[in-house]
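The sequence lines fix the lettering, A, B, ..., with proteins before strands; numbering per chain opens at 1.
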Amino acid sequence: MKYPLQRFREEIKKGVKGALGVEKEIPIEVPEEERGDYALPCFALTEYVEGSPVEIAERLTDEIKLEHGKAEQTGPYVNFKIDEEYLVKETVGTCHEMEHEFGELEEKKKKIILEHTSANPNGPLHIGRARNPILGDTLARMYRRAGYEVEVQCYINDLGRQIAILTWGMMNLDEDDLPERDRDKVDHRLVRYYQRASEELEEGEIEENIEEMIRKMERGEEEMLERFENHSKEIMEGIRESLKRLDIRFDVLKHESSLMADGSVEDALKRMEDLESSGEEDGALYFESEDEKVFLTRVDGTSLYPLRDIAYHIWKVSRGDGMINVLGEDHKLHGKFLKEALEALGVEPLPESIFYSFVSLEGEKMSTRKGTYVTLDDFMETAHEKAREEVLKRREDFTEEEVERVAEKVGIGAVRFNIINVQPEKPIDFRWDDALDFQGDSAPFVQYAHARTSGILSKWGGGDLSDAQLKKLDGEREISLVRAIARYPLEIEQAVKNNSPHRLARYALDLASEFNNFYRDCPVLKSEDKKLERLALVKACHFTLKSILSTLGIDALDSM
RNA sequence: GGGCGUGUGGCCUAGUCUGGAUAAGGCGACAGCCUCCUAAGCUGUAAACCGGGGGUUCGAAUCCCCCUACGCCCGCCA
């Protein structure tokens, strides 16, 4: 363990166990900053240690031996405070050594297969569905920081009914009859066919045709298969272009059709047939999940989505040591079923799923079919424009090019931050005003703090900091900032443990805010006695901000 | 009808998993801070009986039960 707070925590645990003579896991918590770095409430200890909580706290405080800090008793609590000189030296030192890799945890030698954005490719991503890639990509980034190897996959449903509807539209509708496209991009162009076809379907005219197309496709008729695949590919190209702007990429694109073609679905079917909890009804195979039947095939023997997804997961599990799926809350039941089925097949490890709630638009539902949505492209574009306005307001010295560059990074950062900032299971009601607010809890707030560090460092001009007497960093503000930096690896650890990327957004705000306080109170370049030391601290903070921003997939800026 | 999830100042959110010491940020409101490393920043004030009710506990926003509002699901769709 290379980070000082991690080491101190272990020291406390060992010390407490030793002092009390117990082997039980000690529930150390993190109190408010003024009280210390760690705390131990002694109430619960009365169960297996003699005395009142206050007495236990007293005894513990007397007896515990800590190499890098001290224990202080406050009533029934023992507060542990790390030795500040040690904390400063270790934190700043490690940070300078690791630079923007600071925060990285030890290599886990495990490969995670992370699946996200496996939507029906029937139109452009809207801001509701965009929650999926942003969550998924941030998870991938934080798992990598935590020392895992990650393979990011996108599963493309190119055989579904949605694609059939789109394809029907492409074959039967005239572009001139469709509403004008709002953007010159393939997904925006094609979605209009899907939407119009859906309308016709609702009017009950074309159900037969759609079903016939699905049958043809499933019988393996080349022409139909090709159409389905091509259209889903085209839409995916548009989606991937949008995601690229957010710096989101996939390592593997897995087409559902490939699982049919290579016999994976066939194999999965055979394995499922052999299960005790499987049964047949009119020739259709089902799996009995609790008291519900989940059908795997139709009466005509063709496969259904649950079966194909089982096949996909069997394939995935062979490629890594763990699986994580990012899914909309409408897939909860499916996720539960999938786990049960895989467990019955003896597949392990089972996938972990992260479900997110949908995003509504000023209180209304979003629907691709009905066209009631804000596309991710529009969101990004508007964010960029708003950011450009803000840049122009304050930087007359920027060239056109600089304005655009900064506007893009600020705007796109705001988009990602806006989505990742809230816990996945909470619903988001999208409001333009909030999403485009670049003050307070936002990406630009963090980027701005980073730009301030860059400003100081570039004015200084660089040089050797090895003569810095780090123990001179003993002011309240300086120590607070060091503490915030030192917390970073632990935040990564926690975020991964709980699959909660939003914690990292929170942390980024805390760190930026802590730096802003330091910036206000502690002149760096004009400091008479601590210039080198403060520079060293600013540099450490610079690396840390850059690292957390990159974990969030947000670009750092040196000026804005 | 059943299952899962959500409900925290006027508004948006953190804290809930792993119960602890005065419930934390932001927006908005009000009052302030740029001869000083970028004011996309900072300081201060007002504002919350943590959806409601029971329970467990020395201690509950956090755990359990009931109720309520909202969302999602309960297809030989995906």
Side-chain angles (χ1 to χ4, degrees), chain A residues 25 27-29 31-32 35 39 41-44 46 52-53 74-77 79 118-120 122 157 159-164 214 256 281-286 290-306 308-309 328-336 355 357-358 360 365 387 390-391 393-395 410 421-423 425-429 431 433-434 437-449 451-460 497-498 500 502-503 505-506 509-510 512-513 515-517 519-527 534 538 559-560:
Chain A
E25 201 41 44
I28 305 284
E29 55 186 60
E32 299 150 62
R35 296 186 184 279
C42 297
F43 306 96
T46 56
S52 70
T74 312
Y77 293 85
N79 295 316
S118 303
N120 294 314
N122 55 3
N157 298 311
L159 306 179
R161 188 180 158 86
Q162 313 293 322
I163 297 303
I214 294 175
E256 197 172 17
E281 198 173 288
D282 305 327
L285 185 74
Y286 64 81
E290 287 187 10
D291 46 11
E292 226 168 345
K293 287 174 186 169
V294 178
F295 279 88
L296 302 170
T297 63
R298 300 191 178 87
V299 278
D300 62 6
T302 56
S303 67
L304 289 162
Y305 165 71
R308 299 196 293 264
D309 209 27
E329 60 176 337
D330 54 341
H331 278 64
K332 274 187 189 171
L333 197 61
H334 171 73
K336 183 169 156 274
F355 298 103
S357 287
F358 293 132
S360 54
K365 278 186 204 178
E390 298 294 325
V391 178
K393 259 190 234 169
R394 51 203 109 204
R395 297 302 295 253
V410 168
N421 189 26
V422 328
Q423 224 178 314
E425 54 269 24
K426 296 239 187 180
I428 295 180
D429 188 24
R431 300 229 167 81
D433 289 348
D434 294 340
D437 186 354
F438 296 158
Q439 296 171 273
D441 290 356
S442 69
F445 179 88
V446 184
Q447 289 170 314
Y448 188 66
R452 280 178 152 179
T453 63
S454 300
I456 293 172
L457 294 173
S458 77
K459 278 212 168 157
W460 164 54
K497 189 176 158 209
N498 300 316
S500 42
H502 71 281
R503 283 185 72 104
R506 246 333 98 175
L509 294 172
D510 282 353
S513 174
F515 176 76
N516 283 330
N517 286 326
Y519 183 88
R520 179 196 61 213
D521 293 340
C522 305
V524 179
L525 300 172
K526 284 174 192 144
S527 168
R534 285 183 175 166
V538 169
S559 67
M560 58 190 277

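If you take atom C1' in B:rA61 and the same atom in B:rG53, they sit 16 Å apart, rounded to whole Å. Taking the P atom of each, B:rC42 and B:rG26 are spaced 8 Å apart, rounded to whole Å. A gap of 15 Å separates the C1' atoms of B:rG19 and B:rG55, to the nearest Å. When the P atom is compared between B:rG3 and B:rC64, the two are found 15 Å apart, to the nearest whole Å. Taking the C1' atom of each, B:rA46 and B:rU6 are spaced 30 Å apart, rounded to whole Å. For the P atoms, the distance linking B:rC70 with B:rC33 amounts to 48 Å, nearest Å. Comparing B:rU62 with B:rG5, their P atoms are spaced 16 Å from each other, to the whole Å. Using C1' as the reference atom, B:rG15 and B:rU8 are 9 Å apart when rounded to the nearest Å.
Taking the six-membered ring where tryptophan is involved, the planes of A:H334 and A:H331 are perpendicular, since the angle between them exceeds 60° and thus also 30°.
Mapped onto RNA chain B by nearest heavy atom, A:F43 and A:P444 fall at different nucleotides, with A:F43 at the one closer to the 5' end. Mapped onto RNA chain B by nearest heavy atom, A:N157 and A:E29 fall at different nucleotides, with A:E29 at the one closer to the 5' end.
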Apply side chain to side chain contact (heavy atoms under 4.5 Å, CB included) to residues A:E281 and A:V299 and explain how you reach the verdict. CA-CA 8 Å; A:E281 198 173 288; A:V299 278; over 6 Å; no

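Using a 4.0 Å heavy-atom criterion, one finds that A:E281 contacts the bases of the nucleic acid, with or without backbone contacts as well. Within 4.0 Å (heavy atoms only), A:K365 reaches sugar-phosphate atoms of the nucleic acid but no base atom.
Between the side chains of A:R308 and A:N157, not a single donor N or O lies within less than 3.5 Å of an accepting N or O.
The phosphate of B:rU16 (OP1 or OP2) has no side-chain N or O of A:R503 nearer than 4.0 angstrom. For the pair A:Y448 and B:rA40, the criterion of a side-chain N or O lying under 4.0 Å from OP1 or OP2 is met. For A:R394 and B:rU38, the shortest distance from a side-chain N or O to OP1 or OP2 is not below 4.0 Å. Taking side-chain N and O atoms only, A:Q423 has a distance below 4.0 Å to OP1 or OP2 of B:rA14. Put simply, A:H502 has a side-chain N or O that comes within less than 4.0 Å of OP1 or OP2 on B:rG15. Contact between the side-chain N/O atoms of A:N516 and the OP1/OP2 oxygens of B:rC42 is found at a separation under 4.0 Å. Proximity of A:K332 to the phosphate of B:rC74: no side-chain N or O atom is located under 4.0 Å from OP1 or OP2. Residue A:K426 places at least one side-chain N or O closer than 4.0 Å to OP1 or OP2 of B:rG7.
Heavy atoms only, all atoms of each residue included: A:P76 and A:F43 are closest at CG-CZ, 3.5 Å. Of all heavy-atom pairs between A:P523 and A:S527, the closest is O-CB, 3.4 Å.
Of the candidate nucleotides B:rC76, B:rU13, B:rU6, B:rU13 has the atom nearest to the side chain of A:V422. In the set B:rG71, B:rA40, B:rA21, the nucleotide with an atom closest to the side chain of A:T74 is B:rA21. Of the candidates B:rU22, B:rA78, B:rU6, the closest approach to any side-chain atom of A:E425 belongs to B:rU6. Distance from the side chain of A:E329 is smallest for B:rC72 among the nucleotides B:rC72, B:rA40, B:rU18. Comparing B:rU6, B:rU22, B:rA78 against the side chain of A:R298 picks out B:rA78 as the nearest.
Between the A:T46 side chain and the A:P53 main chain, no donor and acceptor come within less than 3.5 Å of each other.
In this structure, CZ in A:R534 is found 11.0 Å from CG in A:L525, a value given to the nearest 0.5 Å.
One N or O donor and one acceptor, one from the side chain of A:N79 and one from the base of B:rA21, sit under 3.5 Å apart.
Pairing partner, B:rU35: none, since no Watson-Crick or wobble contact has both distances short of 3.5 Å. Searching all strands for a Watson-Crick or G-U wobble partner of B:rG7 with both distances below 3.5 Å returns B:rU68.
Classification of B:rC64 as anti follows from a glycosidic angle more than 90° from 0.
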Base, backbone or nothing for each nucleotide of nucleotides 25-37 of chain B, written B, S, -, heavy atoms under 4.0 angstrom, 5' to 3'? BSSS-------SB

